[in-house]
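Reviewing the structure listed below.
Every number for a ligand or one of its atoms is a count from 1 in the order of the listing.
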Amino acid sequence: MSPLKMAVPFALLLLLFATAKAESPYRFFSWNVTYGTIYPLGKPQQGILINGQFPGPDIHSVTNDNLYINVFNSLDEPFLISWNGVQNRRNSYEDGVYGTTCPIPPGKNFTYILQVKDQIGSFYYFPSLAFHKAAGGFGGIRILSRPLIPVPFDEPAGDWTVLIGDWYQKNHTDLKKILDRGHKLPFPDGILINGRGPSGASFTVEPGKTYRLRISNVGLQNSLNFRIQGHKMKLVEVEGTHTMQTTFSSLDVHVGQSYSVLFTADQTPQDYYIVASSRFSTKILTTTAVLHYSNSNRPVSGPPPGGPTIQIDWSINQARAIRTNLTASGPRPNPQGSYHYGMINTTKTIRVASSAGQVNGKQRYALNSVSFVPADTPLKLADYFNIGGVFRVGSISSAPTGGGVYLDTSVMGADYRTFIEIVFQNDEDIVQSYHINGYQFWVVGMDGGQWTADSRNQYNLRDAVARSTTQVYPKSWTAIYVALDNVGMWNVRSEFWARQYLGQQFYLRVYTTSTSLRDEYPIPINALLCGRAVGHHKRPL
Ligand SMILES: *[C@@H]1O[C@H](CO)[C@@H](O)[C@H](O)[C@H]1NC(C)=O
Ligand SMILES: *[C@@H]1O[C@H](CO)[C@@H](O)[C@H](O)[C@H]1NC(C)=O
Ligand SMILES: *[C@@H]1O[C@H](CO)[C@@H](O)[C@H](O)[C@H]1NC(C)=O
Ligand SMILES: *[C@@H]1O[C@H](CO)[C@@H](O)[C@H](O)[C@H]1NC(C)=O
Ligand SMILES: *[C@@H]1O[C@H](CO)[C@@H](O)[C@H](O)[C@H]1NC(C)=O
């Protein structure tokens with residue numbers, strides 16, 4: 001082919017690529033990441049701040065916006081931010097986990113360029129390296145519907161991010177040391193609501209008005225129950241899906257999950273407790289915030305209202321009651337897009353079982369017996385530059401092997417544009433929570449015991465929710481359907497952070513032989529290079 005013939009389609013594609021991005025607005029953020037002293041449980045400790053804030057600032061955006069987030073790392077360690085639930089379509093380079101993106105060295109900066117393409121909803125960002133998440137560096141992300149797209153409820157009088165999570169008094173370097181020495185973490189010391197301990201956070205409401213809370217569990221391991229004294233909550237959105245508007249008096253939020261609820265300030269004007277308490281734990285940790293009516297003349301008093309503690313059936317029943325509103329729009333006016341997930345045959349079943357064990361006398365956690373260890377080079381960059389010996393596709397089996405735990409850089413291969421079933425089996429006594437970067441998946445079923453082919457008879461093939469994080473109850477399974485429509489190297493992980501850190505994760509390499517920009521973007525021009533990727537050319541010459 002002559003150089004001219006080659007140049008024309010390439011230029012055309014570039015043009016298409018440029019116009020697709022240019023239609024949508026750009027939003028610029030400049031973040032300075034520093035250490036700072038915080039007092040979430042009353043005593044001073046070293047936290048990770050963004051622009052001086054803990055938690056970090058919210059990202060507000062609208063469907064299809066292009067976000068430019070320039071992150072200056074003023075810590076003394078490499079740093080990365082990942083975007084829980086944001087799909088980064090065609091662009092896993094911006095995913096901000098070590099398998100896809102080089103860390104920002106201390107004293108340096110990197111601009112993430114994300115397009116929140118075809119998404120709405122409530123999500124959060126967090127620092128993904130080392131054990132930084134235990135020190136802060138997280139914040140809310142909201143993607144609003146475009147102006148002409150109907151939202152299935154009236155505009156609320158207020159719309160607040162509520163980040164809940166368990167918390168340790170020990171700092172992230174001390175916690176990481178415990179794990180690096182091969183031990184388990186102790187039970188957390190407390191729970192925070194928006195970075196504050198008991199009665200620290202406060203929300204002021206006008207009587208009679210309705211408010212939206214975007215609740216995310218940004219903690220390290222505990223499922224939490226969330227409730228507002230004397231008020232009911234109407235669930236309206238789960239990780240980008242508008243739900244059937246069901247009313248709950250309390251809501252279980254597993255680690256890594258996000259929910260939007262509406263509540264109306266329709267009670268006697270006074271102050272009420274907002275409560276988050278640990279679930280499925282023998283010791284119950286509880287914290288409160290204050291719901292303050294603007295005309296209140298009575299502060300909160302007495303014990304905060306109790307909630308469910310160890311009951312698993314209660315939680316499963318609530319999970320099954322969370323359904324998609326099939327007539328409400330998502331990012332586009334046609335509610336379900338061009339196909340319905342329940343009408344498509346899956347082409348493959350992947351079964352993933354978690355386990356815990358010792359390797360060389362140290363605690364490790366595994367999926368299908370493989371405990372993930374990072375390579376010396378981000379896997380996505382090794383793939384792009386054809387650097388051999390960094391990872392092997394197929395280094396994790398697509399079904400449990402039953403063998404003991406061993407270490408490897410686990411990467412599972414999958415074909416672009418296939419529609420697959422993934423079954424998460426949990427034979428342990430803890431609640432698991434799994435997240436897949438780059439995707440929203442349908443949670444079609446969950447139940448106690450071992451999953452078998454007959455379990456499919458009870459799948460919800462009508463109105464399951466599409467989300468990016470699902471729980472798996474103790475000695476239970478959860479099944480999901482995923483349309484593999486996003487090429488890239490995507491992190492599949494436990495959101496139980498010590499388990500993720502000690503190996504309970506792998507990468508799903510969604511692959512196509514196509515090199516078209518319609519399928520995947522090239523490596524970003526500003527990408528940092530590290531490991532064996534140093535010195536490679538980012539663009540074909
Ligand atoms: C970040 O904050 C630190 C501490 O306040 C300051 O020394 C540094 O200049 C800031 N960097 C940027 C890029 O703003
Ligand atoms: C964490 O605390 C230890 C003391 O327990 C201290 O030596 C270390 O510098 C602290 N790390 C950070 C990042 O503040
Ligand atoms: C670092 O920040 C500067 C602006 O201060 C920007 O021009 C540059 O592109 C950023 N570097 C990266 C790698 O994004
Ligand atoms: C579902 O969405 C429609 C369309 O916006 C709305 O009118 C209806 O109230 C919603 N139904 C429920 C149960 O949430
Ligand atoms: C799914 O598989 C069934 C049974 O093999 C077949 O009858 C049906 O046509 C398939 N549906 C689609 C949408 O391919």
I'd like to check whether His172 has a polar contact with ligand 2, where a contact means an N/O of the residue lying under 3.5 Å from an N/O of the ligand. no
Does the separation of the ring centres of Phe126 and Trp83 fall below 6.0 angstrom? no
Under a 4.0 Å N-O cut-off, is there an ion pair linking Arg89 with Asp485? yes
When you measure from atom 5 (O) of ligand 4 to every protein heavy atom, which one gives the shortest distance, and what is it? Pro152 CB, 3.3 Å
Ignoring hydrogens, just give me the one of Thr346, Thr347, Asn345 whose non-hydrogen atom is nearest atom 6 (C) of ligand 5. Asn345
Below 4.0 angstrom, counting only protein heavy atoms, does anything approach atom 11 (N) of ligand 4? yes
Proximal atoms of ligand 5 relative to Met343 (non-hydrogen, under 4.0 Å): 13 (C)
Is it the case that Tyr416 and Asp519 place a side-chain donor and acceptor less than 3.5 Å from each other? yes
Polar side-chain atom of Arg212 near backbone of Phe263 as donor-acceptor pair, under 3.5 Å: no
Counting both backbone and side chain atoms, is some N or O of Asp174 under 3.5 Å from an N or O of ligand 2? yes
Using distance alone, with no hydrogens and no angle criterion, decide if Thr210 and Thr264 have a side-chain donor and acceptor under 3.5 Å apart. yes
Could you check atom 14 (O) of ligand 4 against the protein and tell me its nearest heavy-atom contact, residue, atom and distance included? Gln245 N, 2.9 Å
Closest protein heavy atom (residue, atom, distance) for atom 1 (C) of ligand 4: Asn325 ND2, 1.5 Å
Is it the case that the side chains of Asn460 and Arg462 hold a donor-acceptor pair, with the cut-off being a distance below 3.5 Å and no angle test? no
Select the closest option to atom 4 (C) of ligand 4 among Leu326, Thr246, Thr327, judged by heavy-atom distance. Thr327
The protein heavy atom nearest to atom 2 (O) of ligand 2 is Asn171 ND2, 2.2 Å
Hydrogens and angles aside, do Arg142 and Thr161 bring a side-chain donor and acceptor to less than 3.5 Å of each other? yes
